[in-house]
Amino acid sequence: MTLYTADDIQGLPHLGSQPGEAPFVRGPYATMYTQRPWTIRQYAGFSTAEKSNAFYKQALKGGQKGLSVAFDLATHRGYDSDHPRVEGDVGKAGVAIDSVEDMKRLFDGIALKDVSVSMTMNGAVLPILASYIVTGLEQGATLEQLSGTIQNDILKEFMVRNTYIYPPEPSMRVVSDIIGYTADNMPKFNSISISGYHMQEAGATLEQELAFTLADGREYVRAAIARGLDVDKFAPRLSFFFCIGMNFFAEAAKLRAARLLWSRIMAEFEPKNPKSLMLRTHCQTSGVSLQEQDPYNNIVRTAFEAMSAVLGGTQSLHTNSFDEAIALPTEFSSRIARNTQLILAHETQVTDVVDPLAGSYYVERMTHDMAEAAWKLMEEVEAMGGMTKANEAGWPKSQIERAAITRQAKIDSGETVIVGVNRYERDESDPVEVLDIDNRAVRQAQVERLQALRASRKQADVDAALARLQEAARGDGNLLAASVEAMQARASVGEVSDALREVFDEHQGSPAIVRGVYGEALGDEPRFTNLTERLAKTAKKPLVYMAKLGQDGHDRGARVVASAFLDFGYEVETSELFQTPREAAEQAVAAGADVVGVSSLAAGHKTLLPELIAALNDLGKGDIPVICGGVIPEQDYAFLREAGVAAIFGPGTNLMDAGAKVMDILEGRLPNR
């Protein structure tokens, strides 16, 4: 349908409500941005606490109103920096935090009683939030003064992002204990940020992102009530986190629909405080929409996405840096991203009017239809027994994966246009300065600090605090309160996480590859047909072993590639998450792999790929070609080729072209290394 008229909005039940009134379609606050714009909350973490601290101070000076901390993957997964499994992850994709002392360096000279802090943390949420609390207290703040948000959204991790530690049941216990502790002690702090962002980044449709995010929220509310909490005591401090992609009007409608549906969901719990019905959200522009090719186009993409979020009524916003499809953002690109918001807030006059899209035939109809489509999906989740049960069955994950594969096929076929990628391509791209972090130096510094911490603390106090934490875990004591005591005694993030691993065990995912979706979406596309015919003629189907190395749980790329290669006619075996290079090499050899593929999205490629190739050589299988793809800056290609990587596929690679190139390597048409 391309023309909407007044007939399309006749009888829509949400029409007529005012901003600040249930069901909050027009915004959670009556005045919205007319008195104060949304909060600019740029997400950042730069390898070390000192570098991150300097960036935060500069950002606050430049107009940012709140801080948002990105942690490295070792921290996310509850490992200290000296753990052998995180050699390639320390200081990559975020700041390394091993203890309260690191957290104190992170916020040195930043008064936590005055600055709102958001922390994206789920797996190691207990020691990280406890470290923040101890840091605030040791600065002289009270618990009542600390403000901000902890993500604390573990159900999403089991679906898409995979930075979990413990199985679902004890993980939900962690969530509810944090909600309870903050409700009792930290009235300005949001105890959970229920996140759809990573769902859309993993390939979810907007309806899926909306439905599964709100279904997660409903599950968390039930868990908190089951722990004896009064709904009105914690519900007003719940917050949400959505991704904003390039579907401009639909993304704005999605936020309006989210508020409508959350009000409907919360009414089930019969709150007495109207604020318990209100959905408040942070938004971030899409990382998936960023492209390596012609990267300055990403500035334009991000600006449109930011405008969409604002028109949809977000309460805070992060705008991505244009170089994030290539590498970690630089201070230069981060400044452009922040200024995008400042220009939007101060030069466009969008803050002069409350809900400027209200009454649009198109947007109002889309708001209604999206809400109804999402509600239908939520009803399917309810029929399975709720989101925890649905996750255990793998249903939401499979739905998102099918959507991701279908989208990739449409991009590869050209049906979905990406400027500079599959249409209007340039022969050469402008050079972009990228951030290169010396991972080994960062790790060595963190190891030395850990050694100094362990030498200076009272070990008996640490042991006693960790024992009390385990006692709380085996009983019904509050886990966050016990974690605060442990961090005050100067336990490390890894020690707290390991103490709970002993009680709760670790979660092991069991992924399955989706077959047939990519090929079905392409139909009789000539390149697809040629490739499948080429593979059909082989005496033995080549086996591709797809590996995820280090603590990077973002597996969308690996799984989409695996599904596409199956449809081409390859045999594919996928690794478990969080492998060491040695483990990947051993399993690839045991599987009889003809090719080893590595997906790298967290900047650990210069450490992990050479180690993988060395391990294959040690096993006498150095002739197996190693290929890689993901967020790998072009400046690293020569290093990787010198290390022995046979082919490198950057963001935006057409998977049919990748499949053909792998066959060329196997048939000797291209050199293996």
Side-chain angles (χ1 to χ4, degrees), residues 36-72 75-76 91 93-121 124-125 127-152 182 185-191 193 237 239 282 284 315-319 321 328-331 334-335 337-339 341-342 435 437 442 445-446 449 453 483-484 487-488 490 493:
R36 185 170 70 89
W38 62 93
T39 299
I40 299 173
R41 192 185 295 278
Q42 292 297 96
Y43 177 57
F46 290 89
S47 65
T48 66
E50 290 85 355
K51 288 184 179 180
S52 299
N53 175 267
F55 177 85
Y56 295 154
K57 287 177 177 175
Q58 191 64 33
L60 291 169
K61 184 179 178 181
Q64 190 168 316
K65 299 301 183 184
L67 301 179
S68 183
V69 182
F71 299 95
D72 73 358
T75 305
H76 272 288
V95 61
I97 298 293
D98 290 317
S99 68
V100 168
E101 298 307 318
D102 286 339
M103 193 70 78
K104 290 173 75 172
R105 282 188 286 269
L106 184 67
F107 294 116
D108 182 48
I110 299 172
L112 294 181
K113 67 183 179 64
D114 299 323
V115 176
S116 171
V117 176
S118 173
M119 290 174 283
T120 300
M121 179 54 63
V125 63
I128 288 300
L129 181 54
S131 294
Y132 163 81
I133 289 170
V134 173
T135 296
L137 293 175
E138 293 186 2
Q139 282 187 354
T142 64
L143 289 175
E144 292 80 7
Q145 289 175 314
L146 296 177
S147 65
T149 303
I150 189 77
Q151 191 162 99
N152 194 28
T182 54
N185 301 289
M186 302 169 70
K188 293 183 177 181
F189 200 84
N190 299 324
S191 56
S193 174
R237 303 309 306 176
S239 68
H282 171 73
Q284 180 174 338
Q315 277 63 72
S316 64
L317 180 62
H318 166 94
T319 35
S321 300
L328 300 173
T330 63
E331 290 192 27
S334 297
R335 186 174 73 251
R338 183 199 68 221
N339 288 350
Q341 293 201 52
L342 291 173
L435 182 66
I437 292 172
V442 174
Q446 288 297 118
R449 283 172 174 158
L453 175 77
S483 297
V484 169
M487 300 313 287
Q488 284 175 322
R490 290 321 191 250
V493 169

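FYI, the numbering just counts along the sequence from 1. Computed over heavy atoms, backbone and side chain alike; hydrogens, waters and symmetry mates excluded. Computed from a predicted structure; not experimentally measured.
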(message) Is there a side chain to side chain contact (heavy atoms under 4.5 Å, CB included) between Val117 and Leu146? Walk through the geometry before answering.
(response) CA-CA 9 Å; Val117 176; Leu146 296 177; over 6 Å; no
Drop me the distance from [X]'s [atom1] to [Y]'s [atom2], to the nearest 0.5 angstrom.
{"X": "Asn190", "Y": "Ser147", "atom1": "CG", "atom2": "OG", "value": "9.0 Å"}
{"X": "Ser239", "Y": "Gln315", "atom1": "OG", "atom2": "CD", "value": "9.5 Å"}
{"X": "Gln446", "Y": "Thr48", "atom1": "CD", "atom2": "OG1", "value": "7.5 Å"}
{"X": "Thr142", "Y": "Leu112", "atom1": "OG1", "atom2": "CG", "value": "11.5 Å"}
{"X": "Gln145", "Y": "Lys188", "atom1": "CD", "atom2": "NZ", "value": "6.5 Å"}

[X] versus [Y], closest heavy-atom pair with distance:
{"X": "Val134", "Y": "Gln488", "value": "CG2-CG, 3.4 Å"}
{"X": "Asn53", "Y": "Phe107", "value": "ND2-C, 3.7 Å"}
{"X": "Ser334", "Y": "Pro329", "value": "OG-CB, 3.8 Å"}
{"X": "Val493", "Y": "Ala124", "value": "CG1-CB, 4.2 Å"}
{"X": "Ile150", "Y": "Ser191", "value": "CG2-O, 3.3 Å"}

Would you say the side chain of [Y] lies within less than 4.5 Å of the side chain of [X], judging by non-hydrogen atoms?
{"X": "Met119", "Y": "Ile128", "answer": "yes"}
{"X": "His282", "Y": "Thr149", "answer": "no"}
{"X": "Met487", "Y": "Pro127", "answer": "yes"}
{"X": "Arg449", "Y": "Asp98", "answer": "no"}
{"X": "His76", "Y": "Met121", "answer": "yes"}

(request) Test Val95 against Phe55 for side chain to side chain contact (heavy atoms under 4.5 Å, CB included), laying out the working first. (result) CA-CA 12 Å; Val95 61; Phe55 177 85; over 6 Å; no
(request) For the pair Arg105 and Asp108, find out whether any cationic side-chain nitrogen is under 4.0 Å from an anionic carboxylate oxygen. (result)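 Salt bridge absent between Arg105 and Asp108.
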Distance-only, no hydrogens or angles: does the [X] side chain make a donor-acceptor pair with backbone N or O of [Y] under 3.5 Å?
{"X": "Asn339", "Y": "Leu342", "result": "no"}
{"X": "Thr319", "Y": "Ala337", "result": "yes"}
{"X": "Ser52", "Y": "Leu106", "result": "no"}
{"X": "Gln151", "Y": "Val125", "result": "no"}
{"X": "Lys104", "Y": "Ser99", "result": "no"}

(request) Taking atom types as modelled, find out whether Ser116 and Arg41 have a side-chain donor-acceptor pair closer than 3.5 angstrom. (result)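 Their side chains do contain a donor-acceptor pair, which is all the 3.5 Å distance test asks for.
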(request) Check the angle between the aromatic planes of Tyr132 and Phe189 and answer parallel, tilted or perpendicular using the 30° and 60° thresholds. (result)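 Ring orientation of Tyr132 relative to Phe189: tilted.
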(message) If you count heavy atoms of other groups shown closer than 6.0 angstrom to NZ of Lys113, is the number above 12?
(response)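 Counting other residues, nucleotides and ligands, NZ of Lys113 stays at 12 neighbours or fewer.
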(request) Begin from the C-alpha positions of Glu101 and Arg490 and carry the test side chain to side chain contact (heavy atoms under 4.5 Å, CB included) through to its verdict. (result) CA-CA 8 Å; Glu101 298 307 318; Arg490 290 321 191 250; 2.7 Å; yes
